[in-house]
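Side-chain atoms are counted along with the backbone in the values below, which use heavy atoms only and exclude waters and symmetry mates. All values reported here derive from a predicted model rather than from experimental measurement.
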Number of protein chains: 2
Amino acid sequence: MEYKEAKQKFIDAWGILGSSWGINKTMAQIHALLLISPEALTTEEIMDELNISRGNASMNVRALIDWGIVYKELKAGERKDYFTSEKDIWELAKHVLIERRKRELEPLFRVLGQIDDVVGENKAQVKELTSKVKEIETFASKTDKLLNRISSADSNWFFNKLIKMIK
Amino acid sequence: MEYKEAKQKFIDAWGILGSSWGINKTMAQIHALLLISPEALTTEEIMDELNISRGNASMNVRALIDWGIVYKELKAGERKDYFTSEKDIWELAKHVLIERRKRELEPLFRVLGQIDDVVGENKAQVKELTSKVKEIETFASKTDKLLNRISSADSNWFFNKLIKMIK
DNA sequence: TTAAATTTTCAAATATTTCTGAAAATAAAA
DNA sequence: TTTTATTTTCAGAAATATTTGAAAATTTAA
C-alpha cells in the first residue's frame, strides 16, 4: 500500500475512534498526524495535511497540549512553533486516563457527594436512589485508585502484573 | 435533600457523564432513571419524567436494550412494555466495556490490519507509521485480552485480584 | 376478521458542535 | 520605537446530532 493511502487510513481511523469517545474528530486527527510524523510539524503543515483552517488547527493543538499528549517544540533560530506528540502508546493511554479522571471522575464525586440525607414519601424510591449513589461512589472510588496506580511511579510494576494476569 | 431534587441531580449528572463519553444525553438519562426506579417503567412514564417525546424515548430505550443494560419486562395481563435496568454497577460496567470492545476495538483492528506493506519515498515516514500501527495493534490486543477476562466466567476472580492490587 | 392499543419509524424542525476566516493580540526582528 | 511574522480569539457560517410528532407498522383483544 502507498504511504499516502496508509497515512489517510490511519488518520481517519483515529478520527472515528476519537469521535466515539467524545473527542472531536479534528483533534484526534491532528494527534494521529503528529503521532506518525518523524519530525515536529508547524501549524501550517497541520492545516495543509488535514485541510483545516488556521483557527481550527490552533484551537485543537492547544486542546491536545492541555491533555498533555502534544508538546510545543522550540527550534533555534525559528520563529514558528513546532508540535510533536507523545510517541509511547502506553504513556499516551496513561495521560488520557489521568486527564479523564480529572475531568470526569472529580465532578462526578462532587455531585454524588451533594446527594445527601434524601427524604421523601416513597421509601422504596429513596432507598433505591440512595443505594445507587453509594454503589457508584464505591465503584468510582475503586476506579480512582486504579487510575492512581496507573499514573503513579510504580505504574510499570502495575502494568506488568496486569499483563501477567491476562496471559 | 428532597427526593425530587436528588433524583434530578442524579439524572443530570449521569447525562453529563454520558455526553463526555460519546453517549447521548437522553440515553444516559433514561438509563439513570431506570437505575434508580424500584419498579420497571413504561415508555409513557419515561416520557413524563424526562419531558421527552415518544419517538425519542422509543429510540433511546431500544439503544439501551441493544447495549444490553436495559431489559424489557413483561407484565401478565398488561399490554404496555415495561423497562428496567441492570442494577448491579459492576455488571453494568462490564456490559458497557464488552459492548464498546465490539463496536470500537473490532473496527480498529480491521482498519489497522489493512495498513500493510506500506511503501514510499520517505523511509523515516514509512517506518514511523508502520511502527505506530504495530504498537497500537499490540496495545489494542492486550486491551482486548483484558476485556475478555473481564467478560469471562472468572471475571469475579479477576476483579478480586485487581482490587487486591489497588489496596 | 375488525378495532383498539401500543410501538416504531423517519422527514422535518431544533439544538448543539465544530469550523472558518479575519481582526485582535502577541512576539520577535529591524 | 515600528514593522513583520505568528498565534489566538471569537462571531457567524456550516456541518452534525438530536428531537419531535404524526403516520405507518405491529401487536393484542374483541
Side-chain angles (χ1 to χ4, degrees), chain A residues 11-12 14-34 39-67 70-84 100 103-104, chain B residues 11-12 14-34 39-67 70-84 100 103-104:
Chain A
I11 289 172
D12 290 347
W14 216 232
I16 291 167
L17 192 66
S19 298
S20 62
W21 285 86
I23 286 149
N24 105 36
K25 199 187 67 185
T26 305
M27 186 172 154
Q29 289 185 329
I30 293 175
H31 178 250
L33 177 64
L34 294 177
E39 307 288 340
L41 302 182
T42 63
T43 304
E44 306 248 315
E45 287 169 318
I46 294 169
M47 287 164 60
D48 289 352
E49 290 276 356
L50 302 177
N51 279 298
I52 58 173
S53 70
R54 184 172 299 284
N56 197 5
S58 170
M59 280 164 55
N60 281 297
V61 165
R62 139 149 5 202
L64 286 163
I65 291 173
D66 289 346
W67 273 66
V70 159
Y71 318 117
K72 202 177 265 192
E73 215 168 70
L74 305 166
K75 291 215 177 184
E78 281 269 19
R79 201 137 158 194
K80 285 183 186 167
D81 287 344
Y82 283 77
F83 303 100
T84 188
R100 294 204 90 139
R103 291 171 193 227
E104 291 150 24
Chain B
I11 290 172
D12 291 347
W14 217 234
I16 291 166
L17 192 67
S19 297
S20 62
W21 285 86
I23 287 151
N24 105 33
K25 200 187 65 184
T26 303
M27 185 171 155
Q29 288 185 330
I30 294 176
H31 178 250
L33 177 63
L34 294 176
E39 309 288 339
L41 301 182
T42 64
T43 305
E44 306 247 314
E45 288 170 318
I46 294 169
M47 287 163 59
D48 289 351
E49 289 278 354
L50 302 178
N51 280 299
I52 58 173
S53 70
R54 185 173 297 285
N56 196 5
S58 171
M59 279 164 44
N60 282 297
V61 165
R62 141 146 8 200
L64 286 163
I65 291 173
D66 288 348
W67 273 67
V70 159
Y71 318 118
K72 202 179 265 191
E73 216 168 70
L74 305 166
K75 290 215 175 183
E78 281 268 21
R79 200 136 161 195
K80 286 183 184 166
D81 287 344
Y82 283 77
F83 303 101
T84 190
R100 294 204 90 140
R103 291 170 193 228
E104 291 149 25

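Within the structure, a side-chain polar atom (N or O) of B:Asn24 is placed less than 4.0 Å from OP1 or OP2 of D:dT19. Taking side-chain N and O atoms only, B:Thr26 has a distance below 4.0 Å to OP1 or OP2 of D:dT19. Using a 4.0 Å cut-off, some side-chain N or O of B:Arg62 falls inside it from OP1 or OP2 of C:dT9.
One can place CD of A:Glu73 at 18 Å from C1' of D:dT7, the figure rounded to the nearest angstrom. Note: NZ (B:Lys80) to P (C:dA4) measures 17 Å, nearest angstrom. Rounded to an integer number of Å, the gap from A:Met59 CE to D:dT7 P is 16 Å. The separation between A:Ile46 atom CD1 and D:dT7 atom P is 10 Å, rounded to whole Å. Per the geometry, NZ belonging to B:Lys25 stands 13 Å off C1' belonging to C:dT14, to the nearest Å. Atom CD in A:Glu44 sits roughly 11 Å away from atom C1' in D:dT7 (whole-Å rounding). As rounded to whole Å, 11 Å separates atom C1' of C:dT8 from atom CZ of B:Phe83. Atom CG of A:Asn51 is separated from atom C1' of C:dT18 by 16 Å (rounded to the nearest Å).
In plain terms, the two heavy atoms of B:Gly15 and B:Ala28 that are nearest each other are CA-CB, 3.9 Å. Nearest heavy-atom pair, A:Asn60 versus A:Met27, reported as atom, atom and distance to 0.1 Å: OD1-CB, 3.4 Å.
Residue contacts for B:Asn56: at a heavy-atom cut-off of 4.0 Å it reaches a base atom on one of the strands shown.
If A:Arg79 and B:Ser58 are placed on DNA chain C by their nearest nucleotide, the residue sitting closer to the 5' end is B:Ser58. Map B:Ser53 and A:Arg54 each onto its nearest nucleotide of DNA chain D; the residue landing nearer the 5' end is A:Arg54.
Taking the six-membered ring where the residue is Trp, A:Trp14 and A:His31 present parallel rings, their angle staying beneath 30° rather than reaching 60°.
At a threshold of 4.5 Å between non-hydrogen side-chain atoms, the residues B:Val70 and B:Ile65 count as touching.
Within the 3.5 Å criterion, the main-chain N or O of A:Thr42 finds a donor-acceptor partner in the side chain of A:Glu45.
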